[in-house]
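Notes for the one structure printed next.
Please read these numbers as outputs of a predicted model, since none were measured by experiment.
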Amino acid sequence: MLFIMTSPTGADDTPIVRFPVFDALHSRRDTPTDRPVDHYGMRPIAIFYRSALWPAGSDPDQPNLPQVRRLVSRLKGSTLVCLDVEHWPLTGDREVVERSVDKLIAMADAAHEAAPTVTLGFYGVLPLRSYWGAVAPTESKQYQDWVAQCDAVRRLVDHVDVLFPSLYTFYDKPDAWETYARNTITVARRYNKPVVVFLWPQYHESSDLKNTYLDAAFWSRQLKVCHEAADGIVLWDRPGPGAWDENAPWWLVTRQFLEDLRK
């Protein structure tokens, strides 16, 4: 099972359940440091983006099943796999949504056929990301419409092993973010699969604060909320080279969080 680890003390081989944190911090991998990436117990995750799933010359409107099989067949064991497919509509016209779900199911089934032991999910699909839907009162039409949109794609859940809600930050409003996060995870729980959330230590690119890192207190709160409510976290940042700061406030908070998990 993905969420079972052997006791790190080596005293025995009794499996113990730990809260997993998965490393998708591309900037850290692209910048040499004096510590290995997994030093604090972070685990690997394979994320396949559009550029990998649809190489040049392929049709992004159709599932590229041979490429999906090729990518996952290279993986070993119960590797956690996230397919990032964000360009097929999952809200709006019902027939269009149904076709999108059919294509996602085809991709998931192809991946499982090629690598039956991988643990697979789609980024930000179950539930669909809706900041304003999730922060609205639960009895409101806006909230209920969002839940209905999520339920409209729920047949995908039988073809995945894990859910990857996106909980990125759009506003410097910690209380509203917590409502957004907890309600998103609550809706994810409707589908009875492990919930591993994506967190980004910067504000989302659509935010007025894009390229700005969250302050230590806000980031610490996000880690705490997700630890309480979810089954795991994917720590993500933008791919590409960049200056890695081992003493950045958000990373100091993260290191302490990771160290506390190991106690």
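V101 and L65 fall within the same hydrophobic cluster, where Ile, Leu, Val, Met, Phe, Trp and Tyr residues are linked whenever their side-chain heavy atoms come under 4.5 Å apart, directly or through other members. Under a hydrophobic-cluster definition in which Ile, Leu, Val, Met, Phe, Trp and Tyr are linked whenever side-chain heavy atoms come within less than 4.5 Å, directly or via other members, V157 and V118 are assigned to the same cluster. A continuous path of ILVMFWY side-chain contacts below 4.5 Å connects W54 to V68, so both sit in one hydrophobic cluster. Hydrophobic clustering keeps L25 apart from L252 (ILVMFWY residues linked when any side-chain heavy atoms are closer than 4.5 Å, directly or through intermediates). No single ILVMFWY cluster, assembled from side-chain heavy atoms under 4.5 Å apart, contains both V96 and V85.
Between Y180 and F170, the ring planes lie perpendicular to each other; the angle is over 60°, past the 30° to 60° tilted range. Below 30°, between 30° and 60°, or above 60°: for F19 and F257 the angle between ring planes is above 60°, a perpendicular geometry.
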Show me the donor-acceptor pairs within less than 3.5 Å that the side chains of residues 149-156 make with the rest of the protein, sequence neighbours left out.
{"from": "D151", "atom 1": "OD1", "to": "R190", "atom 2": "NH2", "distance (Å)": "3.4"}
{"from": "D151", "atom 1": "OD1", "to": "Y191", "atom 2": "OH", "distance (Å)": "2.8"}
{"from": "D151", "atom 1": "OD2", "to": "R190", "atom 2": "NH2", "distance (Å)": "2.5"}
{"from": "R155", "atom 1": "NE", "to": "E98", "atom 2": "OE1", "distance (Å)": "3.2"}
{"from": "R155", "atom 1": "NH1", "to": "D102", "atom 2": "OD1", "distance (Å)": "3.1"}
{"from": "R155", "atom 1": "NH2", "to": "E98", "atom 2": "O", "distance (Å)": "3.2"}
{"from": "R155", "atom 1": "NH2", "to": "E98", "atom 2": "OE1", "distance (Å)": "3.0"}
{"from": "R155", "atom 1": "NH2", "to": "D102", "atom 2": "OD1", "distance (Å)": "2.6"}

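The minimum heavy-atom distance linking N64 with S58 is given by the pair ND2-CB, 3.6 Å. Across all their heavy atoms, P55 and A52 have their closest contact at CD-O, 3.7 Å.
Remark: D260 engages K263 in a salt bridge (Lys or Arg N to Asp or Glu O under 4.0 Å) (not counting sequence neighbours). Under the salt bridge (Lys or Arg N to Asp or Glu O under 4.0 Å) criterion, D109 pairs with no residue at all, not counting sequence neighbours.
Atom-to-atom distance recorded for L235:CG and F22:CZ is 10.5 Å, nearest 0.5 angstrom. Rounded to the nearest 0.5 angstrom, W177 CH2 and D172 CG are separated by 13.0 Å.
With a 6.0 Å radius and a threshold of 12 heavy atoms from other residues, nucleotides or ligands, D208 has its CG atom at or below the threshold.
Within the 4.5 Å cutoff, no side-chain heavy atoms of V234 are placed close to those of C82.
Counting only distance, with no hydrogens or angles, the side chain of Q202 and the backbone of L214 share no donor-acceptor pair below 3.5 Å. Remark: side-chain polar atoms of H227 are not paired, donor with acceptor, to backbone N or O of L223 under 3.5 angstrom. Not a single donor-acceptor pair under 3.5 Å links the side chain of W146 to the backbone N or O of Y131.
Tested against F164, the residues F198, W236, Y123 include a single ring pair (Phe, Tyr, Trp, His ring centres under 6.0 Å) partner, F198.
Remark: aromatic rings of W250 and Y203 are distant, center separation not under 6.0 Å.
Taking 4.0 Å as the cut-off between side-chain N and carboxylate O, R189 and D231 count as a salt-bridged pair.
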